[in-house]
Amino acid sequence: MKLKGLLFFLFIIGHTYSQSDIYFYKDSSSSLTYKNIDKVKFTPINTEVLEKHSDATFWFKIPAKETYLSYILRIVSIRVDTVKAYQNLKEIQRLEYQRYPSFQFSRKYSTYIKVKSNFSFNFPVELNTVAKAEFIEKKQLLVNGIYYGITFLVILFSINYFYFFRDNSFLYHAFLLFSLTLSFVLSDGMFQFFNVNDKKIEILILFNYILLAYSSSKFTINFLLLDTYFPKVKRYIYSMVIGVILLAVLFLIFKKNIVYTILTVLTGVLLFIHWFISVLLFKKNTHTKLFALSYVILLFSGIDFFVLKKFGISLFETNAINIKIGGFIQVITLSFAVLFREKDLRRYNRYMKNEIIKYSKEIKKIITQEQKEPVKENLENLSLREREIFDLIVSGKSNKEIANEVNISVNTVKFHVKNIYGKLKIKSRKEALKI
């Protein structure tokens, strides 16, 4: 019942932005302009334009409508290179300090929006009245603020736990959450909101790919104890991380879409491998189960949104809200998983400590017995005269005193002492006293 409720909730979210009065046209040759675009036949869309990579230009049309209200149209994407709006053969100025490309206009005449991108052909669109658009934007900013705030607190707690417990999993968990949060900040258009230029945003996106690949790999290797269960897999994971770094650098240099696509796919495959390893270890302990479950929604919605849509495919009709929900679930669940892991490790460490103490006592007992047995046997090897002299040595007598007491010469005493030392394997009277 809970699963059905969740699916219904995600379905409703996926259709929240469904538009009935937006049309689009794919200009494959990119030859049309705002002066002749009204001659082509547009196709109605529901939620978004989803196409494979090409050099095409996309046009959106909002037909004229009898209303006194003004409208705002948003292209909900941060990977748009060119976006312009026209009405009545005049260009409409783009709104400033917006998270996404946005235009405000009346519905007196038909409005045309030209969109082109070298990196993405996933163009979700929102069309609402000014009042509704502003309300939605304020609500989204509030939701984003709450999400970022919770994540920031979890990151601080993880760093604090690392300081007290000295467990690297907490530190890697903090880095992973930071990289995930940076992904959301970028995809939410928060840097555009503060007018950060596109060049810096591009560098941040590439940096985040590297940070996400590295932090996720370090956390997975440490958290799932891959050195114990799959020691050879770690080498392949690190080689994929190096691949991500190289692809990010190559894209920064050559600006080729194919490089960016491979970078996105390789990162998605790497994250999938992390999750798949946790599935293989699912029955090992509680924190592994939580790890596997926490990744499900965010992983598959992220692959659908960032990877599959680059090929014109969408399995779940994923949008930014779905991913945000998956990210929130992962943050909370992974936090519990890390705590469970720490609890399991401490329980295991106490067990090992007791076992070591027990083992040390047994070893000590064995060593003591081994030390006593040879001494006992060696003492039995002494002759009556040698045992008599040995007892006098232990009582602290000198060679001269021993000679006087047993009525023999000092040289004879020295001869017996030498034989006693040899049979007992000692070299001095101190060692005789210890025996």
Practice task
Starting from the C-alpha separation in whole Å, work towards a yes-or-no answer on side-chain contact (heavy atoms from CB on, under 4.5 Å) for Phe60 and Tyr23.
Solution key: CA-CA 6 Å; Phe60 294 94; Tyr23 298 77; over 6 Å; no
Exercise for the section: For this output row, return yes or no: ring centroids of Phe152 and Tyr148 closer than 6.0 angstrom. Expected result: no
Exercise for the section: Provide the full list of salt bridge (charged side-chain N to carboxylate O under 4.0 Å, His left out) pairs with a residue in residues 246-271, sequence neighbours left out, each pair given once. Expected result: Glu202-Lys255
Practice task
Indicate whether the side chain of Ser294 and that of Thr333 have a donor and an acceptor atom separated by less than 3.5 Å.
Solution key: no
Completion exercise
Taken to the nearest 0.5 Å, the spacing of Ile22 CD1 from Ile113 CD1 works out to 8.0 Å
Exercise for the section: Taking the six-membered ring for Trp and the single ring otherwise, decide whether the centroids of Phe223 and His287 are under 6.0 Å apart. Expected result: yes
Problem - Qualifying residues under side-chain hydrogen bond (donor to acceptor under 3.5 Å, both in side chains), relative to Thr264, sequence neighbours excluded - result: Tyr209
Practice task
Measure the CG-CG distance between Leu182 and Leu211 for me, rounded to the nearest 0.5 Å.
Solution key: 7.0 Å
Problem - Those residues that, when tested against Asp304, pass salt bridge (Lys or Arg N to Asp or Glu O under 4.0 Å) (two or more places apart) - result: none
Handout entry: Close side-chain approach of Lys108 to Thr67, heavy-atom, < 4.5 Å
Key = no
Completion exercise
When every non-hydrogen atom of Ala292 is compared with those of Val296, the smallest separation belongs to O-CG2, 3.3 Å
Exercise for the section: For Phe306, look at atom CZ and say whether over 12 heavy atoms of other residues, nucleotides or ligands are found less than 6.0 Å away. Expected result: yes
Exercise for the section: Run the numbers on Asn208 and Ser179 for side-chain contact (heavy atoms from CB on, under 4.5 Å), then give the verdict. Expected result: CA-CA 6 Å; Asn208 191 56; Ser179 63; 4.1 Å; yes
Practice task
Given side-chain contact (heavy atoms from CB on, under 4.5 Å), test Asn195 with Tyr97 step by step and report yes or no.
Solution key: CA-CA 6 Å; Asn195 277 357; Tyr97 302 104; 3.3 Å; yes
Handout entry: Pair listing, ring-ring contact (aromatic ring centres under 6.0 Å, His included) test, anchored in residues 178-202, at least two apart
Key = Tyr147-Phe184
Handout entry: Pairwise distance CG(Leu270) to OG(Ser216) - rounded to 0.5 angstrom
Key = 6.0 Å
Problem - Residue pair Phe305 / Lys309: nearest heavy atoms and the distance that separates them - result: O-CB, 3.6 Å
Problem - Under 3.5 Å: donor-acceptor pair, side chain of Asn36, backbone of Thr33 - result: yes
Handout entry: Non-hydrogen side-chain atoms of Val154 and His173 separated by less than 4.5 Å
Key = yes
Per-pair distances, 0.1 Å, donor-acceptor, side chain in residues 229-253, under 3.5 Å, sequence neighbours excluded:
| from | atom 1 | to | atom 2 | distance (Å) |
| --- | --- | --- | --- | --- |
| Lys234 | NZ | Asp227 | OD1 | 2.7 |
| Tyr238 | OH | Lys218 | NZ | 3.4 |
| Ser239 | OG | Tyr236 | O | 2.6 |

Practice task
Report yes if some heavy atom in the side chain of Gln140 is under 4.5 Å from a heavy atom in the side chain of Lys324; otherwise report no.
Solution key: yes
Practice task
Please examine the side chains of Leu224 and Thr288, heavy atoms only from C-beta on, and report whether any two atoms are closer than 4.5 Å.
Solution key: yes
Problem - Note, Val185 side chain near Asp188 side chain (heavy atom, < 4.5 Å) - result: no
Fill in the blank from the handout: In this structure, CG of Leu177 is separated from CG of Leu180 (nearest 0.5 Å) by 6.5 Å
Exercise for the section: Heavy atoms only: give me the nearest Gln87-Ser110 pair and the separation to one decimal. Expected result: CG-O, 3.6 Å
Exercise for the section: Check whether the ring centres of Phe170 and Phe162 lie less than 6.0 Å apart, and answer yes or no. Expected result: no
Practice task
Measure centre to centre between the rings of Phe123 and Phe58, then say whether the value is under 6.0 Å.
Solution key: yes
Handout entry: Residues which pass salt bridge (Lys or Arg N to Asp or Glu O under 4.0 Å) with Asp27, listed by chain and number, not counting sequence neighbours
Key = none
Practice task
Begin with the C-alpha distance, continue with both residues' side-chain angles, and end with the deciding distance and a verdict on side-chain contact (heavy atoms from CB on, under 4.5 Å) for Ile62 and Tyr71.
Solution key: CA-CA 10 Å; Ile62 295 86; Tyr71 281 73; over 6 Å; no
Handout entry: By ring pair (Phe, Tyr, Trp, His ring centres under 6.0 Å) - contacts of Tyr34 (at least two apart)
Key = Tyr86
Practice task
Using a 4.5 Å cut-off on heavy atoms from C-beta on, say whether the side chain of Leu69 contacts that of Arg107.
Solution key: no
Problem - Listed partners of Lys84 passing salt bridge (Lys or Arg N to Asp or Glu O under 4.0 Å), at least two apart - result: none
Practice task
Could I get the full list of ring pair (Phe, Tyr, Trp, His ring centres under 6.0 Å) partners for Trp275, not counting sequence neighbours?
Solution key: Phe272, Phe300
Exercise for the section: Sort and list the pairs that fulfil salt bridge (charged side-chain N to carboxylate O under 4.0 Å, His left out) and have at least one residue in residues 57-74, not counting sequence neighbours. Expected result: none
Practice task
Of all the heavy-atom pairs spanning Leu263 and Thr267, show the shortest one and how long it is.
Solution key: O-OG1, 2.8 Å
Handout entry: OG1-CD distance between Thr129 and Glu134, expressed to the nearest 0.5 angstrom
Key = 9.0 Å
Practice task
Quick one: which residue pairs count as a salt bridge (charged side-chain N to carboxylate O under 4.0 Å, His left out) with a foot in residues 273-300, not counting sequence neighbours?
Solution key: none
Exercise for the section: Compare all side-chain heavy atoms of Ile37 with those of Val40 and state whether any distance is below 4.5 angstrom. Expected result: yes
Exercise for the section: May I ask you to decide if Leu298's main-chain N or O and Ser301's side chain share a donor-acceptor pair within less than 3.5 Å? Expected result: yes
Practice task
Give the minimum heavy-atom separation between Gly326 and Ile297, together with the two atoms involved.
Solution key: CA-CG2, 3.5 Å
Practice task
Could you grab the distance from atom CG of Leu186 to atom CZ of Arg79, nearest 0.5 Å is fine?
Solution key: 9.5 Å
Problem - Heavy-atom pair of closest approach, residues Ile159 and Ala174 - result: CG1-CB, 3.9 Å
Exercise for the section: Go through the structure and list residues passing side chain to side chain contact (heavy atoms under 4.5 Å, CB included) with Asn88, not counting sequence neighbours. Expected result: Tyr109
Problem - Heavy-atom side-chain contact between Gln192 and Asn197 under 4.5 Å - result: no
Problem - Donor-acceptor under 3.5 Å (Ser278 side chain, Phe276 main chain) - result: no
